[in-house]
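Encoded as structure tokens, the structure appears first; notes follow it.
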Amino acid sequence: MSFNFEEHPHKRLNILTGEWVLVSPHRTKRPWQGKVENLPADNRPAYDEKCYLCPGNTRSDGSINPNYTSAYAFTNDFSALLQDTPVGNLEDGLLQASSEKGICRVICFSPRHDLTLPQMDENDIVKVIELWQDEFSSLSKNEWIKYIQIFENKGEIMGCSNPHPHGQIWAQSTIPGEPAKESFQFKQYFDKKGKSILTDYIELEQKKQERIVCENEHFIALVPFWAVWPFETLLVSKRQVQNVLELTDSEKQAFAQILKKLTIKYDNLFETSFPYSAGMHQAPVNDGEHPEWHWHMHFYPPLLRSATVKKFMVGYEMLANPQRDITPEQAAKRLKELSDVHYLLKK
């Protein structure tokens, strides 16, 4: 019997972190008798008078939102990081801790309470991208800030506390764990090859044509060879840029286009507002030059078999390695074949 990647268990290396994932494709045949999620009703109005993110409404700290008409940002009323945190350290043998200060911002994608990214107009998504750029520029002017994490948690299943479409930006005084792992991998490859590891990786994927979901002139979206989550994707700029601020006008338009196309495919997969955690990884700031860095965006959606069955990270995943059943190639094929027209527009 010869080995088959589509049939037999195997490990795959994540070139961005140096970590491994176990792939067990034979397990896709197992019956599911586990947890089934209840789908939240998705009948949101365009404006909700009780929503603290809608225009003109009062937030939990008493502030009143302006009557904004496009993407809007403000400092989180319940920030995980605080700018005025005093310096403090603990070194007591094996016990070590240090203070961490930062700034947490909220990004409302639209004044509309009911529009997620796949339902927004491309030009309105461009305004979100431009706000990300403005925020990145402003935050990076604080010399003590070393990393700026732009992300979105979408859906109740991902712990999102407010259904109004929005994302967040956390800027902090040290480089967090996942970007630090990627920095190490990027630099190792750049020092050997003199170019970005992602530049070579997307060229390889374009030759293979096995895991690409969609692409345009400036961006490519694919299920990475080492994907952990069932329908995880990686969105990469074809031109190597270090951060979102470097995107040109044509690249911003292309970014908006592929964001809309990819998230439409996600929604169409199980005909639901597809939950995920997504975020950009980009070069640290106020930390010298980083020619090795290549901007990219991760999408980590939890759904496994349907809109009501999700992947759980438990047991072996928590104690040993991440593990997946459906292969990245199978996931990419399913996503690629989906329509670019949102399923709600067909009903």
Side-chain angles (χ1 to χ4, degrees), residues 38-86 99-121 123-142 144-145 147-173 176 244-245 256 259-260 263 273-280 285 297 299-300:
N38 292 318
L39 280 178
D42 193 14
N43 52 358
R44 288 168 291 164
Y47 167 77
D48 184 349
E49 62 181 11
K50 297 179 181 178
C51 170
Y52 57 82
L53 297 183
C54 278
N57 288 1
T58 302
R59 298 205 307 271
S60 46
D61 72 338
S63 303
I64 298 176
N65 294 326
N67 288 310
Y68 62 94
T69 57
S70 62
Y72 165 65
F74 64 91
T75 298
N76 197 321
D77 300 325
F78 295 98
S79 295
L81 295 162
L82 301 173
Q83 189 170 354
D84 58 358
T85 300
S99 57
E100 184 77 8
K101 71 175 185 175
I103 300 170
C104 296
R105 302 278 286 170
V106 176
I107 308 291
C108 296
F109 295 157
S110 164
R112 289 278 297 269
H113 185 74
D114 58 338
L115 292 186
T116 57
L117 286 174
Q119 297 167 292
M120 289 172 60
D121 182 84
N123 289 330
D124 289 331
I125 299 175
V126 170
K127 293 176 182 176
V128 175
I129 295 167
E130 289 174 338
L131 185 54
W132 283 335
Q133 289 181 315
D134 290 344
E135 290 290 314
F136 187 94
S137 175
S138 176
L139 289 165
S140 65
K141 289 175 183 175
N142 295 284
W144 56 269
I145 286 177
Y147 196 78
I148 299 171
Q149 181 62 64
I150 300 172
F151 66 99
E152 177 194 5
N153 294 322
K154 182 188 174 197
E156 287 184 5
I157 199 173
M158 298 308 293
C160 187
S161 60
N162 188 306
H164 190 117
H166 70 284
Q168 298 183 59
I169 303 177
W170 291 14
Q172 62 188 96
S173 53
V244 69
L245 200 58
L259 266 180
K260 183 176 175 71
T263 52
S273 185
F274 206 78
Y276 56 71
S277 278
M280 301 176 196
V285 298
M297 188 170 185
F299 283 81
Y300 299 134

Look at the side chain of [X] and the backbone N and O of [Y], then say whether any donor-acceptor pair between them is shorter than 3.5 Å.
| X | Y | result |
| --- | --- | --- |
| K101 | L82 | no |
| S140 | F136 | yes |
| R59 | N65 | no |

Does the distance from a Lys or Arg side-chain N to an Asp or Glu carboxylate O, for D114 and R112, drop under 4.0 Å?
->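 Looking at R112 together with D114, the answer is yes, because their closest N to O distance falls below 4.0 Å.
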Could you give me the CA-CA distance, side-chain angles and deciding distance for D124 and S70, then say whether side chain to side chain contact (heavy atoms under 4.5 Å, CB included) is met?
-> CA-CA 7 Å; D124 289 331; S70 62; 5.6 Å; no
Hey, what do you get for [atom1] ([X]) to [atom2] ([Y]), rounding to the nearest 0.5 Å?
| X | Y | atom1 | atom2 | value |
| --- | --- | --- | --- | --- |
| T263 | M120 | OG1 | CE | 10.0 Å |
| I169 | F151 | CD1 | CZ | 9.5 Å |
| K127 | S110 | NZ | OG | 9.5 Å |
| H113 | N57 | NE2 | CG | 9.5 Å |
| E130 | L245 | CD | CG | 11.5 Å |
| D121 | N123 | CG | CG | 5.0 Å |

Work out which heavy atom in [X] is nearest to a heavy atom in [Y]; give both atom names and the distance.
| X | Y | value |
| --- | --- | --- |
| L131 | A73 | CD2-N, 3.9 Å |
| S60 | F78 | OG-CE1, 3.0 Å |
| P275 | I157 | CB-CG2, 3.1 Å |
| S277 | N153 | OG-OD1, 2.6 Å |

Contact between [X] and [Y] at the side-chain level, heavy atoms closer than 4.5 Å - yes or no?
| X | Y | result |
| --- | --- | --- |
| Y52 | T58 | no |
| I148 | V285 | yes |
| F299 | K154 | no |
| P111 | H164 | no |
| S173 | I145 | no |
| V106 | H166 | yes |
| C160 | E152 | no |
| W132 | M280 | yes |

Under 3.5 Å, is there a donor-acceptor pair between the [X] and [Y] side chains?
| X | Y | result |
| --- | --- | --- |
| S138 | E135 | no |
| E100 | Q172 | yes |
| R105 | N76 | no |

Centres of the [X] and [Y] rings: under 6.0 Å?
| X | Y | result |
| --- | --- | --- |
| Y300 | Y276 | no |
| Y72 | F74 | yes |
| W170 | Y147 | no |

